[in-house]
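One structure is given below, encoded as structure tokens.
Note that the coordinates shown come from a computational prediction; the quantities given were computed from them, not determined experimentally. Quick note: residue numbers are just sequence positions, from 1.
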Amino acid sequence: MADQTGANMMSICLLLICYFVTTSSSSKPPNIILLYADDLGYGDLPSYGHPITEAPILEGMAANGLRFLDFYSANPVCTPARASIMTGRHSLRTGVWPGVFYSGDYGGLPLEEITIAEVLKTQDYSTAHIGKWHLGVGENYKYMSPNQGFDYYYGIPYTHDDCPCLKCFYPDRPCTYTCNMNTVACPLFRNLDIIEQPTDFTTLSARYSNEARQWIRGQAQANQTFFLYYAFHQPHNPMFSGEQFTNSSKRGMFGDNVLEMDWMVGQVLEEVREQGLEEDTFIFFTSDNGPCMSRPFDGMGSAGLLKCGKGTTYEGGQRVPAIAYWPGRIQPGVTDELSSALDLLPTFTNLAGASLPDDVIIDGVDMADILFNHGKSLTDTFLFYPAFTYPDIGAYAVRYKNYKAHFLTSGNPNSGDEWNPDASCRRDSPQTPFKPALVYDLDIDPQEMYVLDKNKYYDVYAKLYEIKVQNEATMTWRPSEINKPFNISLAPCCNPGCQPVPQCCICPHQLTGVTTTPVMTTQMVTEEITEMETVRIQEEIDSRPGNA
């Protein structure tokens, strides 16, 4: 018994030594890179079960890093998910509810909210954001990332379907997905200056990659610790790809789109290696929400065996791929510990040796034990808030350990229409309360098909209900930023003061040879489908209380 006790103590000591060595650096904290896909579903990568998708770089990261099986986005749609990943807080605490921001919105992520970038800058990190923002533009670009802790920005500040569709595939094939016809063409920013409008999507990925590589190289040459937030547009609709990747994969345009994103990831990893920073750089890859399932033949993602997709609080709406990669520090493997995008701010804070904001509630927890010891999560609870949540609705669902309770459910347009055989996913599936809740054991039923018997699992039902009640009693709802008014005059315009808006918003240096306005060009897109999307967006804007 004494020998066994001694062996156990030795194992514990070695584990602690490994932990402290792994999570600390003799000279300075690690560089941190957050790679953020847009609408990539749980079943879209080969390592998560897709038989056709090609993603060799991400597969290499998964094989040589830590792959998460139970990682959740904080919300099933873009804007609130991004607010949470930036702040470590449920989006309703930050006022980023209900729904998403559009190009002409007055609101945005409040400047008082403390972002990952602002936390890391307290430790002298240089910070950059490349790609999508989608946390508001506002008057005079008030809410964009250069005003939220980022030293450098290069990208489009919102979803690229909130623009008239232009060409999406090399050399001049039009977009196949619907677009917002009532706003300006997509603007490409460098910091707070528009450098291109409309944006050429057939060359955008290559330019993002060049910007990312040049910025990393500059930090390395200056011996500067850095944080790069790289938010891809892929594989959000409309799909797009450049010359190298158009018609390059077995999975069609969706596969082309993912393969191009995979190449972009590879460009980052290559630059990190070339600069000799691989062992000094922590890289985390994940997605903002589940897959869009509204385009069955030209760009539909996959949630794998999980139920439904984007916009819903079923597993397919929020359980997403996640990979942590840090050669020499994170041992390859797989974890099924419960974790979420809310945990990234606390984790990055710990890695940087910074302090968490002490005057706000942080909903996430530090993942260090999971990352460096393949250990346990510091939380066993997760709350699911729908895309269009309100204080009188609260959380739709609660997870506790391996159990999940749905107190309310509803479908969503992003999870399909009549072509989806699961009617509960579709847009016409109404908000439906359940008393008692629908409770599932996700360990044996990740598809959420078999409701547990309340009489047999009474204690589980009681615990899940208790968690919902306790959390909602202490939840604070900041006044909605998304419900603030919409005004097309706030949409970014490279040609300010021009008329008529939005058609005239073209950068002057791009006018040579232009014979049609962006809106006229988009008539190549199927008019009936495009009109449906324009009407949908306008109806959502008109439904806001500020516009009633």
Problem - Sequence neighbours excluded - ring pair (Phe, Tyr, Trp, His ring centres under 6.0 Å) pairs with any residue from residues 247-270 - result: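 Every pair satisfying ring pair (Phe, Tyr, Trp, His ring centres under 6.0 Å) with a residue in residues 247-270: Phe245-Trp263.
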Exercise for the section: Please name all residues satisfying side-chain contact (heavy atoms from CB on, under 4.5 Å) with Cys168, sequence neighbours left out, ordered by chain then number. Expected result: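 Cys168 satisfies side-chain contact (heavy atoms from CB on, under 4.5 Å) with Cys175, Pro238, Phe240 once adjacent residues are dropped.
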Handout entry: Given Phe68, Phe71, Tyr42, the one that forms ring-ring contact (aromatic ring centres under 6.0 Å, His included) with Tyr48
Key =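 So the option named by the test is Tyr42.
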Practice task
Test Phe226 against every option in Phe150, Trp215, Tyr125, Phe282 by the ring-ring contact (aromatic ring centres under 6.0 Å, His included) rule and name the one that passes.
Solution key: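 Per the ring-ring contact (aromatic ring centres under 6.0 Å, His included) rule, the option paired with Phe226 is Trp215, out of Phe150, Trp215, Tyr125, Phe282.
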Practice task
For Arg93 and Asp363, run salt bridge (Lys or Arg N to Asp or Glu O under 4.0 Å): C-alpha distance rounded to whole Å, both residues' side-chain angles, the deciding distance at 0.1 Å, then the answer.
Solution key: CA-CA 10 Å; Arg93 296 191 193 275; Asp363 293 302; 2.8 Å; yes
Which residue pairs satisfy the salt bridge (charged side-chain N to carboxylate O under 4.0 Å, His left out) criterion with at least one member in [range], sequence neighbours excluded?
{"range": "residues 61-89", "result": "Asp38-Arg82, Asp70-Arg319, Asp70-Arg399, Arg82-Asp288, Arg89-Glu113"}
{"range": "residues 337-356", "result": "Glu337-Lys376"}
{"range": "residues 182-203", "result": "Arg190-Glu211, Glu196-Arg207"}

Problem - NZ/NE/NH1/NH2 to OD/OE distance under 4.0 Å, Glu271 and Arg217 - result: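 Yes, this pair counts.
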Please tabulate, one pair per line, all N/O donor-acceptor pairs under 3.5 Å involving side-chain atoms of residues 137-147, not counting sequence neighbours.
unit_1 : atom_1 : unit_2 : atom_2 : d
Ser145 : OG     : His129 : ND1    : 2.9
Asn147 : ND2    : Tyr141 : O      : 3.0
Asn147 : ND2    : Lys142 : O      : 3.1

Problem - Centroid separation His160 to Phe201 less than 6.0 Å - result: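 Yes, they do, as the ring centres are separated by less than 6.0 Å.
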Handout entry: Ring-ring centroid check Phe382 Phe384, cutoff 6.0 Å
Key =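 Between Phe382 and Phe384, the centre distance is under 6.0 Å.
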Problem - Atom CD of Glu270: over 12 foreign heavy atoms under 6.0 Å - result: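 Above 12, so yes.
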Handout entry: Nearest-0.5 Å distance that lies between atom OG in Ser287 and atom NE2 in His236
Key =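 Nearest 0.5 Å value for the OG-NE2 distance: 10.5 Å.
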Exercise for the section: Output, in order, the C-alpha distance, side-chain angles, deciding distance and verdict of side chain to side chain contact (heavy atoms under 4.5 Å, CB included) for Cys505 and Cys494. Expected result: CA-CA 6 Å; Cys505 290; Cys494 193; 5.9 Å; no
Problem - Under 3.5 Å donor-acceptor, Ser249 side chain and Asp256 backbone - result: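 At least one qualifying donor-acceptor pair exists.
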Practice task
Would you indicate whether Cys504 and Cys493 have their SG atoms under 2.5 Å apart?
Solution key: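 Cys504 does not pair with Cys493 as a disulfide (SG atoms not under 2.5 Å apart), so no.
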